[in-house]
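Here the structure comes first, spelled out in structure tokens, and everything after it is commentary.
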Amino acid sequence: MRLVVVSNRVTVPDRNEKAAAGGLAVALREALEKHGGLWFGWSGAVSEGPSQEIRQIQRGKVTYALTDLGEAERQSYYLGFSNRALWPIMHYRLGLTEFQRSDYMGYLGVNRRFARALAGLIQPDDVIWIHDYHLIPLAAELRRRGIGNRIGYFHHIPWPSADVLGALPFSSTLIRTLTSYDLVGMQTQIDARNLIDGLVSLCGGKAEGSTLRLGGRKTVIRAFPIGIDVESFRRLAAASVRQAATPLRATRESLGERKLVIGVDRLDYSKGIVQRLEAFGQFLRSHPDQRSRVGLLQIAPPSRSDVPEYAELDRQSDEVAGRLNAQLGEFDWTPIRVVKKAYSRSALAGFYRRAQVGLVTPMRDGMNLVAKEYVAAQDPADPGVLVLSRFAGAAQQMGEALIVNPYDTHEVAEAIRTALAMPKSERIRRFEALYRTISATDIAWWTNRYLDALSAGREVPDEPRSWPIEISGGRPAASGNRLPDPKTGESRSHAKAEPETRAGAAKPPLRATGADRPGGKSAPRTGKGTPRLKVVGS
Ligand code: F6P
């Protein structure tokens with residue numbers, strides 16, 4: 001079997017590459033290098049007119065097949081329909097959703113052009129794996145060209161309820177094209193349920209569990225929560241402590257004894273950066289004793305700056321950080337630093353390791369790999385605390401974080417305080433549980449589980465509602481994934497949950513505790529009950 005991956009943007013790796021802030025590029029490259037194959041998509045370059053040329057570049061076991069976008073295609077397909085219509089509506093932001101028929105036509109046109117080019121490269125036993133909202137109709141276009149291979153789709157961002165999505169013109173026609181796939185993967189069970197409900201209510205499909213039948217086709221729709229390469233990220237973070245001239249060291253020198261709270265996100269309104277800055281300001285106002293003792297470092301590489309809402313966010317984040325620094329800062333202490341540039345993965349790993357608090361508070365997010373990277377980077381003997389939005393897909397798995405509602409500034413401010421004051425024993429207990437979860441569901445687990453289900457049409461068991469984690473005793477309770485040794489930092493064993501899930505074993509490897517749902521019974525909370533979401537959108 002050869003693996004063919006298709007994604008909107010394809011970056012051919014080079015030696016001095018910067019980290020991809022979105023995380024998708026990193027995840028897919030790791031998957032392809034393991035399986036070998038072809039990666040097709042947009043080069044990131046823009047030509048004046050539409051380009052038909054496909055450039056092929058070989059890197060190890062991976063062939064990259066790249067095409068440029070014409071300027072009109074970039075405007076309509078990428079900036080227009082993908083990022084001004086689909087992106088906001090998928091993130092429940094109806095008020096920001098901007099629909100133009102010409103953009104939708106451009107979106108369909110690029111999908112048709114990609115299908116024409118790709119069809120010529122497909123071999124009979126290829127398994128095709130298409131990624132993300134830019135390419136929803138691609139399988140339908142490939143089928144039209146006689147491609148009968150197994151084709152899967154993975155949706156990296158949230159999928160809203162049919163009520164919300166139904167507001168988008170042509171949404172039923174568009175989502176119906178998903179039935180050309182054999183397997184549709186979502187980040188969470190909530191997203192999978194929303195899509196199935198949408199295909200039933202908007203398109204008249206028939207659902208039976210995770211199987212959807214429509215127009216003579218059968219599509220399986222399941223949750224496949226994406227992971228990271230935990231072990232390699234852990235190593236990067238541990239190495240950053242030993243190296244001499246690293247950003248970690250420079251941060252240590254500039255911060256001295258002060259504690260560090262960190263946020264790392266593409267500059268995107270879905271990430272809740274402005275709300276996070278306000279929450280940090282609120283924390284300093286409510287706890288004046290903490291002033292001069294802690295700083296927030298927000299790394300926010302700019303993104304999609306040709307979309308007006310992103311340009312506005314850029315301006316707004318500067319304005320809020322400037323105001324809070326002027327109101328709360330001292331001559332020798334700047335409370336908030338916003339750095340609008342990308343850092344290498346190893347620099348990020350070092351920053352995470354230095355930070356006592358990882359602040360991951362998106363207003364809505366498919367998964368959020370920063371939450372997982374932050375945990376992977378911690379020193380097991382003295383770990384930091386993750387504060388995590390309940391609206392990130394990661395919250396479905398990572399209930400031992402401090403789960404917050406990002407719309408509630410006070411709740412986030414109090415979670416920062418709780419995290420900074422948390423006793424070491426509790427920090428270790430939470431870290432161990434989180435580390436075991438992200439190890440058991442790492443990038444290899446995600447890829448294998450998805451490709452097993454896609455290539456062989458094999459049944460994979462439901463993603464457990466609760467991850468098999470023993471948190472009550474503080475130490476791992478049984479075999480399976482092991483934590484890094486607190487002294488050496490080395491992992492002691494790395495048997496994955498994968499064999500059990502792949503083989504369809506009935507028993508989870510460890511005892512389930514029901515601890516990992518946002519708002520779930522034993523999920524630690526910082527507020528008073530479950531606050532209501534007042535405003536979604538605009
Ligand atoms: O996760 C969603 C996503 O669109 C990814 O596909 C992409 O890698 C990332 O966000 C960055 O987006 P863009 O390619 O628009 O800069």
Side-chain angles (χ1 to χ4, degrees), residues 5-13 17-32 39-46 64 66-69 73-93 96 103 107 110-111 114 129-136 138 153-160 185-188 191 224-228 264-273 299-311 313-314 340-342 345 360 362-373 391-394 443 446:
V5 167
V6 190
S7 64
N8 166 56
R9 197 189 280 277
V10 180
T11 315
V12 181
E17 77 177 1
K18 298 274 180 182
L24 173 64
V26 174
L28 284 184
R29 198 173 302 149
E30 282 160 359
L32 263 169
W39 190 349
F40 178 95
W42 175 31
S43 61
V46 180
Y64 293 85
L66 309 173
T67 179
D68 300 344
L69 286 183
E73 291 178 325
R74 186 179 84 99
Q75 290 292 341
S76 57
Y77 150 82
Y78 173 68
L79 294 175
F81 192 69
S82 295
N83 286 322
R84 294 197 77 187
L86 285 180
W87 180 270
I89 206 158
M90 294 283 182
H91 287 84
Y92 296 68
R93 302 293 289 266
L96 297 182
D103 288 344
Y107 175 85
V110 168
N111 273 273
F114 277 20
W129 191 4
I130 294 168
H131 289 261
D132 238 345
Y133 58 103
H134 316 82
L135 301 172
I136 290 172
L138 190 57
Y153 171 78
F154 187 78
H155 190 73
H156 289 257
I157 64 176
W159 193 282
M186 294 277 147
Q187 296 280 22
T188 69
D191 300 319
F224 294 86
I226 197 169
I228 61 164
V264 177
D265 311 82
R266 270 187 316 103
L267 192 58
D268 190 302
Y269 51 79
S270 66
K271 305 293 183 184
I273 295 168
I299 295 174
S303 165
R304 305 174 192 168
S305 23
D306 292 344
V307 174
E309 290 76 17
Y310 288 74
L313 173 66
D314 195 1
K340 291 184 176 169
K341 61 187 270 201
R345 296 188 77 208
V360 181
M363 311 315 279
R364 194 60 75 163
D365 214 333
M367 174 54 61
N368 197 299
L369 298 180
V370 168
K372 296 186 174 185
E373 288 173 353
F391 301 120
I443 187 69
W446 176 73

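Computed from a predicted model, the values in this text were never measured in an experiment. Note that ligands are numbered from 1 as they come in the structure, with each ligand's atoms numbered from 1 the same way. Excluded from the calculations below are hydrogen atoms, water molecules and symmetry mates; all remaining heavy atoms, backbone and side chain alike, are included.
Of the possible polar contacts, one joining the Tyr153 side chain to the Tyr133 backbone as a donor-acceptor pair under 3.5 Å is found. Asp265 places no side-chain N or O within donor-acceptor distance of the main-chain N or O of Ala300, the cut-off being under 3.5 Å. Of the possible donor and acceptor atoms, one in the side chain of Gln187 sits under 3.5 Å from a partner among the backbone N and O of Ile226.
Taking a 4.0 Å cut-off on heavy atoms, His134 registers as neighbouring ligand 1.
Counting heavy atoms under 4.0 Å from ligand 1, residue Arg266 touches it through the side chain alone.
A salt bridge between Lys340 and Asp314 is present, with a side-chain N of the basic residue lying under 4.0 Å from a carboxylate O of the acidic one.
Geometrically, ligand 1 and Tyr78 share a nitrogen or oxygen pair separated by less than 3.5 Å. Here's the thing with Arg304: one of its N/O atoms is less than 3.5 angstrom from an N/O atom of ligand 1. Considering backbone and side-chain atoms alike, Asp132 places an N or O below 3.5 Å from some N or O of ligand 1.
The Trp87 neighbourhood of ligand 1 comprises atoms 2 (C), with distances under 4.0 Å to a heavy atom of that residue. Shown in contact with Tyr133 at under 4.0 Å from a heavy atom are these atoms of ligand 1, numbered in order with element: 4 (O).
With respect to Ser7, the side chain to side chain donor-acceptor pair (under 3.5 Å) criterion is satisfied by exactly one of Trp42, Trp129, Trp39: Trp39.
In this pair, Phe154 and Trp446 present their aromatic rings perpendicular. The plane angle is above 60°, beyond the 30 to 60° band.
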